[in-house]
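Remarks on the structure that follows.
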Amino acid sequence: MSIYDTLNNKQKEAVFHTEGPLLILAGAGSGKTRVLTHRIAYLIEEKNINPWNILAITFTNKAAGEMRERVDDLVGYGSESIWVSTFHSACVRILRRHIEKLGYGSNFTIYDTDDQKTLMKDVCKKLALDPKVFKERAILSAISKAKNERISAQEYRQQTAGDYGRQGIARAYVEYEKQMKLNNALDFDDLLGKTVDLLLQDPEVLQYYQNRFRYIMVDEYQDTNTVQFEMIRLLAKEHRNLCVVGDDDQSIYKFRGANIKNILDFEMVFQDACVIKLEQNYRSTKTILDAANSVIRNNRGRKEKTLWTENEEGNKICLKQFESGFDEAEFIAADIEKSRREQQDAYRDYAVLYRTNAQSRTLEERFVAESIPYKIVGGVNFYARREIKDILSYLKTIDNGQDDLAVRRIINVPKRGIGLTTVNRIQGYAEERGIGFYEAIRVADWVPGIGRGLTKVESFAALIEFFKAEANEKSIRELTEDILKQTEYLERLKEEEGEEADSRIENIQEFISKIVLYEEDCESRNEPATLSGFLEEVALVADVEEGEEERDYVVLMTLHSAKGLEFPHVYLAGMEDGLFPSYMTITEGDEEELEEERRLCYVGITRARKTLTLTCARKRMIRGEFQFNKMSRFLQEIPRELMGLKEGYGKGNGSAGKGGFGQTAFADRNFRYRELQKNPFTASKASRNFGDAGAKALDYQVGDRVKHGKFGEGTVMQMVKGGRDYEVTVDFDVAGTKKMFAAFARLEKV
DNA sequence: GTCCCGCAATTTTTT
DNA sequence: ATTGCGGGAC
């Protein structure tokens, strides 16, 4: 009996195929992580490969951590010398060693999205770009896109020579790169890009890593972008033992540069590639899997595969339409509570998934009202929070004053009377002399025109110098606590009062625990806990790990964050056209974007193990106003025989107007999608409010065909209530999309 | 230099 | 609804 006996034939094939390029198409729930970890074990124990020669790459720290753990369990001796890391941390590791060959200092700082934005703001100001035309975010996203395609600032400028709009971006790109270099800083895209530059430029370095990484494995391969692909291609060129695992149907990150071609064209780039499909699903019921298959089947650009399972049929899928998002939330909360009691499940067996973060609020309010423990996953990055960035900036400045952004961030935080004028003067002086911002601060008395600001700046410099001295003697924790004390940071926060301030204080506490954890960790490994080391670790980590994994709560998160997870019971909320698929996707009419949304739907469905509940609402509060949506087109793609009756529900039918909840949307045997829109099986108090609100009821609604006196026939896309009228968006067959008020438009239903 | 108010913007997210 | 930001008032 060996560890490989528990694998199915396809999985075994993938594990035992160790030489040459290999593409594993692993459907959802087909055990791909098991295959990867067993493959590593097999390489070491059966093929006698030195663990030193293995590289396993993932996208997130979490995935890397999990894989590391499972490999450690499986492989005895030597597992610690396997590189299991994210793309970015692998790159940092390589760059810290060799980046001097590219003219950077090896102590480069890593700029996160926030830092990029701050820098870009400066750049725009410097270039006098009209902020109405050039938005920082847009420029940065253009730059990121360029970097992902390995287009340098100079190349970009040449390409856009004739194009006024993009010329501005090109100028910003050039200046941005210049500033980054001056600050000895790299952004996340650079980490990848500079690594590729290095490998291309220095044959010795390339050879070293090619020789080192004889066996390379890449997880979530469908999410790789062009640069990542290039990096892998270079590293694998010599030994060609490249194993990539992915699922084109789960590619949902095109918007951040993932190139689906990497997986679709793998066999073309690596002509002798072996392809293995893992299609047996161990996670979901037959019903859920059938639904997932029938949705994803509608995509064109994909590798044909059909998941199957030996699991039982399971319950029917439940679909419900509600009058409003509030009713939807009410149902979900109550249904979870009811189901949990009946089935003796834990809260953690339930997940509610949605398309946009904004949807979490309504749900959250309901969960609070019902006192159901819940946790919202995602949202703002822990390390991107203001208070955390403030403290980090202090630590960075103390560690080395080279990061101008960090110094500028804290020079007046907490307020110490150093204003923009003074900062600009120092900045100007620094630029003139070609020195860093902090250096200029230390010689502030040389700065022309600094005037009364001088005392304050000098005292700031003295404070930092004091901390610097302290950093040599004290632990990071003690230093941090002293920063908080000396600057009265906490006191200022406490003065603010309010929930927000409280949570900021909590975050700081949590940050300190994080430091303690790091220090203990270093101690246990007999390494010195250095400030630089801590900052390094923090730079590539998005979130704090939950120290309270044990706690029992319902999980609320976006479909994106749900990838890679599974739950016995899943609710997909907000299954509405305009929300999911998103309004942008529908109006742009880009088939590829719609397919990405469909993949997202596929990901959502396949998270469920036992039961799946789909919900949608006819109207939903979005940005302060009600938006009317029809059911998601994806619901149409699920065969109706998979949808079933679910027992009626309600907190006792006594409470007014709630009786309608129990109706299943598919009670009618002759169900057709269009009928659902006209005759939703819903009834609730909300419909009354709506009828009385003053706006005259209209005989058409979203999805209907209407006729206009001038524009001819079209389809109603959206109806937004405004004041005493509706603003109706109609997609006319000939005239295109128009927005109009119902009272004036005199639309007639066709 | 700081505060406050009005205005725009607002899919999805990791590193 | 909420939040961040720029501009004007103090």
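Quick note on labels: first sequence line is chain A, next is B, and so on, each numbered from 1.
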Contacts of Asp122(A) meeting salt bridge (charged side-chain N to carboxylate O under 4.0 Å, His left out) (sequence neighbours excluded), chain-then-number -> Arg408(A)
Plane angle bin for Phe213(A) and Tyr209(A) - parallel if under 30°, tilted between 30 and 60°, otherwise perpendicular
parallel
Output one letter per nucleotide in nucleotides 2-9 of chain C: B when a protein non-hydrogen atom lies under 4.0 Å from the base, S when only the sugar-phosphate is that close, - when neither is.
S-------
Excluding sequence neighbours, so at least two apart, what forms side chain to side chain contact (heavy atoms under 4.5 Å, CB included) with Thr362(A)?
Phe326(A), Ala329(A)
When you check the gap from the basic side-chain N to the acidic O, do Arg150(A) and Asp197(A) get nearer than 4.0 Å?
yes
Which protein N or O atoms sit under 3.5 Å from an N or O of nucleotides 1-4 of chain B?
from, atom 1, to, atom 2, distance (Å)
dG1(B), OP1, Gly419(A), N, 3.0
dG1(B), OP1, Thr422(A), OG1, 3.1
dG1(B), OP2, Thr421(A), OG1, 2.4
dT2(B), OP1, Gly417(A), N, 3.4
dT2(B), OP2, Asn412(A), ND2, 3.4

Is it true that atom CZ of Arg96(A) has more than 12 heavy atoms of other residues, nucleotides or ligands lying nearer than 6.0 Å?
yes
Would you call Lys619(A)-Glu576(A) a salt bridge at under 4.0 Å N-O?
no
Checking Arg492(A) now: which residues fulfil salt bridge (charged side-chain N to carboxylate O under 4.0 Å, His left out) with it, not counting sequence neighbours?
none
Expected output: side-chain Glu328(A) to main-chain Ala573(A) donor-acceptor under 3.5 Å:
no
Charged N-O contact under 4.0 Å between Asp577(A) and Arg633(A)
yes
Check for a donor-acceptor pair, side chain of Gln179(A) on one end and backbone N or O of Tyr176(A) on the other, with a separation under 3.5 Å.
no
Base-contact (B) and sugar-phosphate-only (S) positions in nucleotides 8-15 of chain B, heavy-atom cut-off under 4.0 Å, - elsewhere
-SBBBBBB
